[in-house]
S.K.: 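Take a look at the following structure, please.
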Amino acid sequence: MALGKYEPEKVENKWQDIWNRERAFEVEVDRTRPKYYVLEMFPYPSGKIHMGHVRNYSIGDVVARYKRMRGFNVMHPMGWDAFGLPAENAAIKNNTHPAAWTYQNIAEMRAQLKRMGYSYDWRRELATCRPEYYRWEQLFFLRFFEKGLVYRKKAPVNWCPSCHTVLANEQVEDGLCWRCDSTVEQRELAQWFLRITDYADELLAFLDKMPGWPERVLTMQRNWIGRSVGAHIDFPIEGSKESITVFTTRPDTLYGATFMSLAPEHPLIETLTAGRPEAAAVREFATRIAGMDRIKRAADDLEKEGVFTGAYCVNPLTGARMPIYAANFVLMGYGTGAVMAVPAHDQRDFEFATKYKLPVKVVITPEGETLKVEDLTAAFTDPGLLTDSGPFTGTPSEEAKAAIIEHLVDKGLGKKAVNYRLRDWNISRQRFWGAPIPIVYCETCGAVPVKPEDLPVTLPEDAQLPADGRSPLPGLESFTKVACPVCGKQARRETDTMDTFVESSWYFLRYACRDKTDGPLDAEALAYWLPVDQYIGGIEHAILHLLYSRFFVKALRDEGWHKLDEPFHNLLTQGMVLKDGTKMSKSKGNVVDPASMIARFGADAVRLFILFASPPEKDLDWSDAGIEGAYRFLNRLWRLVEEFVSGLGPVCAPVAPCAEPGSLALSAKAKELRRKEHDTVRRVSRDIETSFQFNTVIAAVMELVNDLYLTKDSLRETEDGRFVLSSALSSALCVLSPVTPHICEELWGALGQAGRLVDQPWPAHSEAALSTDEALVVVQVNGKVRGRMTAPTGASTETLQALALAAPNVGSHVEGKTVVKVIVIPDKLVNIVVR
RNA sequence: GCCCGGGUGGCGGAAUUGGUAGACGCCAGGGACUUAAAAUCCCUUGCUCCUCGUGGGUGUGCCGGUUCGAGUCCGGCCCCGGGCACCA
């Protein structure tokens, strides 16, 4: 049989058709088999797939195909994160509807993914913009509303003037919109929030039980949640019944609090200054600071600045009068927006006190030292012993924290408190192309939830999008005019839609429930398939998507939808695909289009290169020479099989991977190739299993192929040689098949092997086949390599020592010196130490 | 500033528990085949010195340490990437 020329497109189309026809990757719940859920982050359907997708999905596909061969019931789904702003912009530009643009892109990208030969169960495909999907999200919203997990409040929110919408805190990076890099403004708006902070403790605690996630991501989530333990302490305001509550992590320094700093936005500022001569200056200051943009206000070189309000409060323990300041460095969004200032032990307070000549009082000293106020050049922030602190003087500061809180509790002046950096998740978006929030505003009944039986609230399909980018929904009477679900009077529908991160917070659950049409989730299917065993995606979602999803899963669990605590057991964050050392971008003109590479070299070569060039976690620099090398290797493999089947065909029946030779006696050369074959299987299995190091997996197979080239001409002469050649070739195809499935499947068939390669079990190497009669032993003198020798495997220390001393080139380094000692590592190394 | 990663040939990258540094690929050079070229197959390839060998020296960011032996372990630096950052 002649194979002819390697034509990737032909081979790849053929096998994709066959897998499709034979439903090779469609799976169902099967409790008799262990399951494995491999998931890659689903793409936004922007038009075409890019190299980042190719990398992400190729990694996932190797895992899926490998686990399949290992006997797992593998679920490997794909879908579309289909709501989002680009669809609106494109619709405006092309005078079409976002849905039309989105569905067209999905069709194009689906075809591209199919062209890559990924082993998806396409029946599970979903698009989040379909009412069949988002209707369930609206149902979740109603349940959360009922429970109080979603609420509406007027709050200062992040506004992107270019996207015409608000953003969650997680979506603001350095004061800029994560999507368009515009400077984010602060606006006061009524918005819907999800109480993610209710889960802050659990979200944090579970991070310690997630060894399958990269440490980096865990750290980023810990930082983002930002739990700190301290106290709320009340400071009575002089001449008022009210008091100011502060949050502090340093209750031990309370005796040193000498003034009070409030955020310029603090609600008490107005009342404190009312009728005072300072009022005008304070208002002017507060307005100026509040009006500053985020970046400027957060800059590290921003000078501390403040104004005296004219009012005083009282230190609850010392009774000292503390002037109340409005200060630019105090944030309304953290703690209570009020800070007890302890200038001796907080650097910011120290700088502020120095600038405004406020009193400084030392209350903590390093052990065995005294600290004088006049000697301080910076705040002393380390732990130490309390001084000048009434009954607590002499107590170690760490102990004093609890003791002082206890004291405050007794007197009703404060309590222990935990504070988080994490804020509730603002999910309202003033956009059109998103899931409508199922709420109706009635003049008499207020914000009323839509009745569950009236779901879904669907997006109008005939909406014309205004050219200025604003949502058309508020102006669409057909959408907004609705009867109040409670009183029936005319009311107005909510026109905000949900953040698209809500859709991506549960899509991985829905994949497992594709048959469920009368509800969002099928608890039994979830119990079998979830959690996701291996999740793969970009590090850019370390906080956003990965934190929201964790929260959403917990919230759904507590609503009784399933019993899962965490959605993603193992997480792999793959690196970026670069070109010439930088991110690919249209403006730099360095974009490599996967489609053109597939057309030139085929999907297998693209998969091979992208997996070979770098380990998955690292960034990968696209190289045109590299992909040619990958293509060259596939041709080399092809020709090897071609030569094998045309030259040895009649005399050599196909042999299974890692076949046992039985009574067949193997020559030394045949044994050597067999050893290489088994070692390759061993290395490939280990590298996939322990670390997904596909680059070394491929290198190992390349080595085996190189060896096959070097030995084939002599081994083909004998029966044992042909046997070993056939086995080795089968093994090579078998273990390479998750990486380049099409060519391997074709060559497997060409060898005359029965069945589909895709259904083969993963080969198992035999330890016996790895053993050798002779070992290469390195001879060192004083740690430097001076020679190499072969010695019988298992040779004794004495034998190796003698052989080493007699080895060529060793004598001259030992001659005239005293051998002090000899270190022998059996079968490996002899180190002769001389003086 | 704090917290994570990471520094290995011309390049991408390998190196189980400390045991031959540079696997595999790219690039480059040489040979075979060919009328020729392409393709292919084979070989060489860290740097350096010489007497060209089974040779010597040197080499994994820098300095030091532990060890018979360090890319790997320890201490101290330098550089690069990422995250967080007036968070009270």
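Heavy atoms only: backbone and side chains are in, while hydrogens, waters and symmetry mates are out. Quick note on labels: first sequence line is chain A, next is B, and so on, each numbered from 1.
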S.K.: Return the value, rounded to whole Å, for the distance between atom CG of A:Leu204 and atom C1' of B:C84.
M.R.: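 Those two atoms, CG and C1', are 15 Å apart.
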S.K.: Could you tell me whether the side chains of A:Arg421 and A:Asn223 share a donor-acceptor contact shorter than 3.5 Å?
M.R.: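 Side-chain D/A pair, A:Arg421 to A:Asn223: absent.
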S.K.: How far does the C1' atom of B:U17 sit from the matching atom of B:A70, given to the nearest Å?
M.R.: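 The answer is 14 Å between these two C1' atoms.
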S.K.: Classify the ring geometry of A:Tyr356 against A:Phe352: parallel below 30°, tilted from 30° to 60°, perpendicular beyond 60°.
M.R.: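 Ring orientation, 0 to 90° scale: tilted.
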S.K.: May I ask you to say what A:Val246 touches in the nucleic acid, namely base, sugar-phosphate or nothing, with a heavy-atom cut-off under 4.0 Å?
M.R.: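 No contact.
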S.K.: Using the side-chain heavy atoms of A:Trp224, tell me which of these nucleotides is nearest: B:C84, B:C42, B:U20.
M.R.: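 Given the options B:C84, B:C42, B:U20, the side chain of A:Trp224 is closest to B:C84.
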S.K.: Both distances below 3.5 Å, Watson-Crick or wobble geometry, any strand: find the nucleotide opposite B:U35.
M.R.: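 Pairing partner: none.
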S.K.: Where the side chain of A:Phe612 is defined as all heavy atoms beyond and including C-beta, which of B:A88, B:G25, B:G13 is the nearest nucleotide?
M.R.: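 Nucleotide nearest to A:Phe612's side chain: B:G25.
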S.K.: Counting only side-chain nitrogens and oxygens, does A:Arg786 get under 4.0 Å of the OP1 or OP2 atom of B:G56?
M.R.: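 Checking B:G56 against A:Arg786, a side-chain N or O does come within under 4.0 Å of OP1 or OP2.
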S.K.: With C1' as the reference atom in both, quote the distance from B:U20 to B:G59 in angstrom, rounded to an integer.
M.R.: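 One C1' to the other, the span is 15 Å.
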S.K.: Taking atom types as they are modelled, is there a donor-acceptor pair under 3.5 Å from the base of B:C84 to the side chain of A:Asn223?
M.R.: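 Donor-acceptor pair under 3.5 Å: no.
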S.K.: Side-chain N or O of A:Arg639 versus OP1/OP2 of B:C41: is the shortest distance under 4.0 Å?
M.R.: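 Yes, such a contact exists.
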S.K.: Whom does B:G75 pair with, Watson-Crick or G-U wobble, provided both distances fall under 3.5 Å?
M.R.: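 Its partner is B:C63.
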S.K.: Just by distance, no angles: are the side chains of A:Thr696 and A:Asp687 close enough, under 3.5 Å, to form a donor-acceptor pair?
M.R.: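 The criterion, which ignores hydrogens and geometry beyond distance, is satisfied for A:Asp687 and A:Thr696.
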S.K.: Roughly how many Å apart are B:U8 and B:C63, using the P atom of each and rounding to a whole number?
M.R.: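 Result for the P pair: 16 Å, nearest Å.
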S.K.: In terms of base orientation, is B:G22 syn or anti, with the syn window spanning 90° either side of 0?
M.R.: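 B:G22: anti.
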S.K.: Side chain of A:Arg421 only, heavy atoms from C-beta on: which candidate in B:A88, B:G19, B:A85 is closest?
M.R.: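 Minimum distance to the A:Arg421 side chain belongs to B:A85.
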S.K.: Would you kindly give the NZ-to-P distance between A:Lys784 and B:U54, to the nearest whole Å?
M.R.: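 Going from A:Lys784 (NZ) to B:U54 (P), I get 21 Å.
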S.K.: Looking at A:Tyr6, A:Tyr631, A:Phe633, which hits ring-ring contact (aromatic ring centres under 6.0 Å, His included) with A:Trp638?
M.R.: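 For A:Trp638, the ring-ring contact (aromatic ring centres under 6.0 Å, His included) test succeeds with only one of A:Tyr6, A:Tyr631, A:Phe633, which is A:Tyr6.
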S.K.: Quote, to the nearest angstrom, the P distance that separates B:G25 from B:C4.
M.R.: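 Straight-line distance between the two P atoms is 38 Å.
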S.K.: When you look at A:Lys5 and A:Glu642, which way does the salt bridge (charged side-chain N to carboxylate O under 4.0 Å, His left out) test go after all the steps?
M.R.: CA-CA 9 Å; A:Lys5 194 169 166 273; A:Glu642 159 127 77; over 6 Å; no
S.K.: Could you pick out which residue, A:Ala613 or A:Gln693, lies toward the 5' side of RNA chain B when each is mapped onto its nearest nucleotide?
M.R.: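 Upstream on the strand: A:Ala613.
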S.K.: Could you check whether A:Leu620 gets within reach of a base, just the sugar-phosphate, or nothing at all, counting any heavy atom under 4.0 Å?
M.R.: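 The answer is nothing, as A:Leu620 stays clear of every strand by at least 4.0 Å.
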S.K.: Is it true that A:Gln171 and A:Asn158 share a donor-acceptor pair across their side chains at a distance under 3.5 Å?
M.R.: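 On atom types as modelled, these side chains do not qualify, holding no pair under 3.5 Å.
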S.K.: Distance check: side-chain N/O of A:His813 vs OP1/OP2 of B:G56, anything under 4.0 Å?
M.R.: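 So the side-chain polar atoms of A:His813 do come within 4.0 Å of the phosphate oxygens OP1 or OP2 of B:G56, strictly under.
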S.K.: Carefully, step by step, assess A:Asp827 and A:Thr793 under the rule side chain to side chain donor-acceptor pair (under 3.5 Å).
M.R.: CA-CA 6 Å; A:Asp827 299 335; A:Thr793 307; 5.1 Å; no
S.K.: In whole angstrom, give the distance that lies between atom CG of A:Leu422 and atom P of B:C87.
M.R.: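 Going from A:Leu422 (CG) to B:C87 (P), I get 18 Å.
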S.K.: Is A:Asn695 close enough to B:A23 that one of its side-chain N or O atoms is under 4.0 Å from OP1 or OP2 there?
M.R.: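 Checking A:Asn695 against B:A23: no side-chain N or O falls below 4.0 Å of OP1 or OP2.
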S.K.: Using a 4.0 Å heavy-atom cut-off across all strands, classify A:Ser614 as base, sugar-phosphate, or nothing.
M.R.: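 The answer is sugar-phosphate, as A:Ser614 gets under 4.0 Å only of primed atoms, P, OP1 or OP2.
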S.K.: Give the nucleotide from the list B:C68, B:U54, B:C84 with an atom nearest to the side chain of A:Ile543.
M.R.: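 Given the options B:C68, B:U54, B:C84, the side chain of A:Ile543 is closest to B:C84.
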S.K.: Does A:Tyr709 make a side-chain N or O approach to OP1 or OP2 of B:C42 shorter than 4.0 Å?
M.R.: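 So the side chain of A:Tyr709 is outside the cut-off, no N or O lying under 4.0 Å from OP1 or OP2 of B:C42.
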S.K.: For atom P, what is the distance between B:G76 and B:G83, given to the nearest Å?
M.R.: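 Going atom to atom, P in each nucleotide, I get 27 Å.
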S.K.: Quantified in whole Å, what is the P atom distance between nucleotide B:G30 and nucleotide B:U16?
M.R.: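 Here B:G30 and B:U16 have their P atoms 36 Å from each other.
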S.K.: To the nearest angstrom, how far is A:Arg222 atom CZ from B:C2 atom P?
M.R.: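 The answer, rounded to whole Å, is 20 Å.
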S.K.: Calculate the interatomic distance between A:Arg683 atom CZ and B:U16 atom P; express it in whole Å.
M.R.: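 Interatomic distance, CZ of A:Arg683 to P of B:U16: 11 Å.
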S.K.: Among residues 334-356 of chain A, which ones have heavy-atom contacts with RNA chain B below 4.0 Å?
M.R.: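 Contacts with RNA chain B under 4.0 Å: A:Tyr334, A:Val339, A:Arg348.
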S.K.: What is the separation between atom CG on A:Asp707 and atom P on B:A23, rounded to the nearest whole Å?
M.R.: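 The distance from CG of A:Asp707 to P of B:A23 comes to 14 Å, rounded to the nearest Å.
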S.K.: Can a side chain N or O of A:Lys821 be found less than 4.0 Å away from OP1 or OP2 on B:C68?
M.R.: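 A:Lys821 to B:C68 OP1/OP2: side-chain N or O found under 4.0 Å.
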S.K.: Salt bridge (charged side-chain N to carboxylate O under 4.0 Å, His left out) between A:Arg348 and A:Glu351: does it pass, once the steps are laid out?
M.R.: CA-CA 5 Å; A:Arg348 292 155 301 181; A:Glu351 288 169 30; over 6 Å; no
S.K.: Remember a base hit wins even if backbone is also touched, and classify A:Pro214 as base, sugar-phosphate or nothing at under 4.0 Å, heavy atoms.
M.R.: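 Nothing, no nucleic acid heavy atom in range.
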S.K.: Whom does B:C11 pair with, Watson-Crick or G-U wobble, provided both distances fall under 3.5 Å?
M.R.: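 Answer to the pairing question: B:G25, which forms a Watson-Crick or G-U pair with B:C11.
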S.K.: What I want to check is whether the side chains of A:Gln221 and A:Arg550 have a donor and an acceptor closer together than 3.5 Å.
M.R.: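 Yes, because at least one side-chain N or O of A:Gln221 sits under 3.5 Å from a partner of the opposite role on A:Arg550.
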S.K.: Among B:A88, B:A14, B:U16, which nucleotide has an atom closest to any side-chain atom of A:Leu331?
M.R.: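 Of the options given, the side chain of A:Leu331 lies nearest B:A88.
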S.K.: For B:C41, take OP1 and OP2 only and decide whether either is under 4.0 Å from a side-chain N or O of A:Arg636.
M.R.: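 Checking B:C41 against A:Arg636, a side-chain N or O does come within under 4.0 Å of OP1 or OP2.
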S.K.: What nucleic acid atoms does A:Gly629 come within less than 4.0 Å of, heavy atoms only: base, sugar-phosphate, or nothing?
M.R.: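 If one applies the 4.0 Å heavy-atom cut-off, A:Gly629 turns out to touch the sugar-phosphate alone, with no base involved.
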S.K.: Which base, if any, makes a Watson-Crick or G-U wobble pair with B:U58, both distances under 3.5 Å?
M.R.: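 Pair assignment: B:U58 / B:G46.
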S.K.: Take a 6.0 Å sphere around CZ of A:Arg216 and say whether it holds more than 12 heavy atoms from other residues, nucleotides or ligands.
M.R.: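 For A:Arg216, atom CZ is not crowded (no more than 12 foreign heavy atoms under 6.0 Å).
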S.K.: Kindly say if A:Arg216 contacts the phosphate of B:G81, meaning a side-chain N or O under 4.0 Å from OP1 or OP2.
M.R.: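 So the side-chain polar atoms of A:Arg216 never come under 4.0 Å of the phosphate oxygens OP1 or OP2 of B:G81.
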S.K.: Among B:U20, B:U40, B:G19, which nucleotide sits nearest the side chain of A:Arg788?
M.R.: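 The closest nucleotide is B:U20.
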S.K.: Could you give the CG-to-C1' distance, from A:Asn635 to B:U40, as a whole number of Å?
M.R.: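 The distance from CG of A:Asn635 to C1' of B:U40 comes to 10 Å, rounded to the nearest Å.
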S.K.: Take atom C1' in B:G65 and the same atom in B:G69, then report the distance between them in whole Å.
M.R.: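 Looking at atom C1' only, B:G65 and B:G69 are 15 Å apart.
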S.K.: Figure out the CD1/P separation between A:Ile627 and B:G12, and round it to whole Å.
M.R.: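 In whole Å, B:G12 P lies 19 Å from A:Ile627 CD1.
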S.K.: Roughly how far apart, to the nearest Å, are B:C62 and B:G71 at atom C1'?
M.R.: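 So the two C1' atoms sit 15 Å from each other.
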S.K.: Using both distances under 3.5 Å as the test, list the Watson-Crick or G-U wobble partner of B:C84, or none.
M.R.: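 Pair assignment: B:C84 / B:G1.
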S.K.: Using heavy atoms to find the nearest nucleotide of RNA chain B for A:Ala700 and A:Gly783 separately, return the residue whose nucleotide is more 5′.
M.R.: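 Residue closer to the 5' terminus by nearest nucleotide: A:Ala700.
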S.K.: For A:Glu305 and A:Lys355, run salt bridge (charged side-chain N to carboxylate O under 4.0 Å, His left out): C-alpha distance rounded to whole Å, both residues' side-chain angles, the deciding distance at 0.1 Å, then the answer.
M.R.: CA-CA 8 Å; A:Glu305 205 188 335; A:Lys355 179 166 178 180; 5.9 Å; no
S.K.: A:Thr818 side chain to A:Val820 main-chain N or O, any donor-acceptor pair under 3.5 Å?
M.R.: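 Not at all, since once roles are kept as given, no pair shorter than 3.5 Å links the two residues.
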